[in-house]
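Taking it in order: structure first as structure tokens, then the write-up.
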Amino acid sequence: MGADIGDLLERDTISMKDLDGKIVAFDAFNVIYQFVTTVRGRDGQALTDSNGNPTSHLAGLLYRTTSFAEAGIKPVFVFDGEPPELKAETIEKRREIRDKAHEKWKLAVEKGDPAEIYKYAQASARIDPQVIDESKMLLPMMGIPIVESPSEGEAQAAFMLENKDVDFVSSQDYDAFIFGATSVVRNLTVSGKRKLPGKSVYVDVVPEKVDLNKNLERLGISREQFIDIALCVGTDFNKGLERVGAKTALKLIKEKGTVEEILRAKDKTDLTPSYHAAKAFFQHPPVTTEYTVKWEKPDADKMVEFLCRKRDFSEDRVMNAVQKLNAARAAKKKTTLDQWF
DNA sequence: CTTACTTA
DNA sequence: TAAGTAAGG
């Protein structure tokens with residue numbers, strides 16, 4: 001989970017049209033996780049081919065990426081590398097939560113309660129290495145660039161934003177901001193609706209944009225102090241202070257200036273080394289300059305071979321996606337030419 | 001999640 | 001044409 005510092009940030013509502021022609025970096029793991037948890041049949045089970053291979057991630061990536069491309073968005077997917085040792089505790093905690101949900105799912109199946117089955121099937125979803133590998137295979141087939149981060153995807157995406165190789169980072173949590181991403185878009189959907197967790201109720205969602213620098217200016221804090229606030233609240237890389245939420249953390253930072261001073265005042269200097277380590281990671285995460293951001297023509301033959309022959313996708317739907325991807329490329333070329341004449 | 005079909 | 005529902009793999 002990302003640090004709960006979202007309440008501090010003001011956002012502006014945007015429309016999908018504002019993203020026409022814009023390069024948007026997606027944290028691949030976040031997106032795939034969303035698909036694996038939400039692209040499901042009515043029984044709550046993930047979609048699979050006839051051999052039982054999961055296909056939720058493939059369906060999600062194919063349809064969503066295609067419709068984003070159709071809207072003029074130029075997507076780039078950034079994949080995680082090795083998580084830092086600092087994240088070990090968070091990863092273990094998530095695994096425990098997943099295991100507990102799996103036990104509850106088994107009980108729900110015994111009881112035969114459909115709502116509970118759905119809920120816990122979703123909560124116990126995990127991402128197999130195969131799911132990641134297949135995603136890394138499918139996107140290039142679609143002509144969509146992928147980037148492999150040496151460590152955290154959000155950190156790499158923030159770096160690419162800083163280098164002006166992308167216009168926005170798309171993220172549903174707040175980690176990207178701590179890594180310094182200045183232009184973040186949220187709630188990007190084609191349908192404009194999203195299911196409420198655990199309920200069969202749909203609410204309207206509007207895309208929004210958050211400008212970190214504007215927010216820092218308004219809050220009167222530096223980027224380092226923003227990181228310090230996140231550290232006080234708690235991040236994937238450190239445990240936060242007890243009973244300190246975003247608002248309290250902001251107040252403390254305004255009073256004391258740095259997280260180190262806050263720890264000193266609370267007589268918790270023993271925590272300083274771990275806070276320093278997390279802070280250093282947010283300030284200088286491992287990233288790579290070895291990436292290219294280029295959109296190619298989709299390879300229809302490979303897509304049909306993989307999705308239809310191997311994973312039971314309908315050829316109509318796949319070819320429809322290919323056609324849309326090609327149309328998006330043609331439209332893009334036209335606007336590029338128009339700029340010259 | 002998105003697409004495709006059904007209904008008013 | 002818009003909103004609701006089923007299906008997709």
Side-chain angles (χ1 to χ4, degrees), chain A residues 15-16 19 24 26-73 75 77 79 114-115 117-128 130-139 141-144 170-173 185-208 298 300 302-328:
Chain A
S15 82
M16 292 295 276
L19 297 173
V24 181
F26 293 87
D27 182 76
F29 187 85
N30 269 320
V31 174
I32 291 165
Y33 185 79
Q34 201 183 17
F35 292 146
V36 170
T37 53
T38 60
V39 182
R40 283 162 185 272
R42 211 176 314 288
D43 55 357
Q45 291 305 106
L47 300 184
T48 62
D49 67 9
S50 52
N51 294 316
N53 295 304
T55 51
S56 296
H57 57 303
L58 302 174
L61 285 173
L62 177 71
Y63 299 130
R64 186 185 242 243
T65 307
T66 299
S67 55
F68 279 173
E70 208 177 15
I73 294 175
F77 284 83
F79 285 82
I117 293 171
Y118 193 99
K119 181 177 159 193
Y120 290 117
Q122 204 170 34
S124 54
R126 54 186 283 271
I127 312 286
D128 293 315
Q130 188 188 317
V131 164
I132 299 295
D133 290 344
E134 288 180 355
S135 303
K136 287 181 185 175
M137 207 167 74
L138 174 64
L139 288 163
M141 283 182 194
M142 295 169 64
I144 307 297
S170 168
S171 182
Q172 281 308 115
D173 59 41
V185 284
R186 302 166 51 80
N187 293 344
L188 255 47
T189 69
V190 177
S191 60
K193 294 203 183 299
R194 182 165 294 149
K195 200 169 164 291
L196 243 42
K199 296 174 185 165
S200 57
V201 179
Y202 288 81
V203 290
D204 289 331
V205 284
V206 284
E208 52 190 29
K302 279 190 186 165
M303 285 170 68
V304 168
E305 169 61 24
F306 176 48
L307 294 173
C308 307
R309 301 286 99 79
K310 292 201 164 70
R311 291 294 183 271
D312 300 340
F313 275 67
S314 128
E315 202 161 325
D316 281 356
R317 286 185 179 219
V318 170
M319 287 314 290
N320 190 30
V322 169
Q323 203 190 326
K324 283 180 180 174
L325 287 168
N326 276 324

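Quick note on labels: first sequence line is chain A, next is B, and so on, each numbered from 1.
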Return the value, rounded to whole Å, for the distance between atom [atom1] of [X] and atom [atom2] of [N].
X	N	atom1	atom2	result
A:Arg40	C:dG9	CZ	C1'	13 Å
A:Asn187	B:dC1	CG	P	10 Å
A:Leu47	B:dT2	CG	C1'	11 Å
A:Glu134	C:dG9	CD	C1'	12 Å
A:Gln45	C:dG9	CD	P	17 Å
A:Leu62	C:dG9	CG	C1'	12 Å
A:Phe313	B:dT3	CZ	P	13 Å
A:Phe35	B:dT3	CZ	P	11 Å

>> Checking A:Lys302 now: which residues fulfil salt bridge (charged side-chain N to carboxylate O under 4.0 Å, His left out) with it, not counting sequence neighbours?
In response: none
> Among all residues two or more places apart in sequence or in another chain, which pass the salt bridge (charged side-chain N to carboxylate O under 4.0 Å, His left out) test with A:Arg311?
Replying inline: A:Asp49, A:Glu134
> Among residues 315-322 of chain A, which residues get a heavy atom nearer than 4.0 Å to DNA chain C?
Replying inline: A:Arg317
>> Any residue in residues 303-311 of chain A with a heavy atom nearer than 4.0 angstrom to DNA chain C? Just list them by number, or reply none.
In response: A:Arg311
> Closest heavy-atom contact between A:Tyr118 and A:Thr38?
Replying inline: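 In terms of heavy atoms, the two residues are closest at OH-O, 4.1 Å.
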Test side-chain contact (heavy atoms from CB on, under 4.5 Å) applied to [X] - qualifying residues, sequence neighbours left out:
X	result
A:Ala300	A:Met319, A:Val322
A:Thr65	A:Leu61, A:Pro75, A:Phe77, A:Leu139, A:Met142, A:Ile144
A:Ser15	A:Lys17, A:Asp18

> Side-chain contact, heavy-atom cut-off 4.5 Å: A:Phe29 with A:Ile132?
Replying inline: yes
> Which of the following nucleotides, B:dC1, C:dG9, B:dT2, is nearest to the side chain of A:Ser67?
Replying inline: B:dT2
>> By nearest atom, which of the nucleotides B:dT3, C:dG9, B:dC1 is closest to the A:Ser314 side chain?
In response: C:dG9
> Is the shortest side-chain N/O distance from A:Lys324 to OP1 or OP2 of B:dT3 below 4.0 Å?
Replying inline: yes
> Under 4.0 Å: is that the gap between some side-chain N or O of A:Arg42 and OP1 or OP2 of C:dA7?
Replying inline: yes
> What are the residues of residues 53-60 of chain A, sorted by number, that bring a heavy atom to within less than 4.0 Å of DNA chain B?
Replying inline: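 Listed by number, there are none.
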If the condition is side chain to side chain donor-acceptor pair (under 3.5 Å), which residues does [X] pass it with, not counting sequence neighbours?
X	value
A:Lys136	A:Glu148
A:Ser56	none
A:Asp128	A:Arg126

> Going by distance alone, is a donor N or O of one side chain under 3.5 Å from an acceptor N or O of the other, for A:Ser50 and A:Asp312?
Replying inline: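 Side chains of A:Ser50 and A:Asp312: pair found under 3.5 Å.
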> Please, which pairs that meet side-chain hydrogen bond (donor to acceptor under 3.5 Å, both in side chains) have at least one residue in residues 315-326 of chain A, sequence neighbours excluded?
Replying inline: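 Of all non-adjacent pairs touching residues 315-326 of chain A, those that pass side-chain hydrogen bond (donor to acceptor under 3.5 Å, both in side chains) are A:Arg309-A:Glu315.
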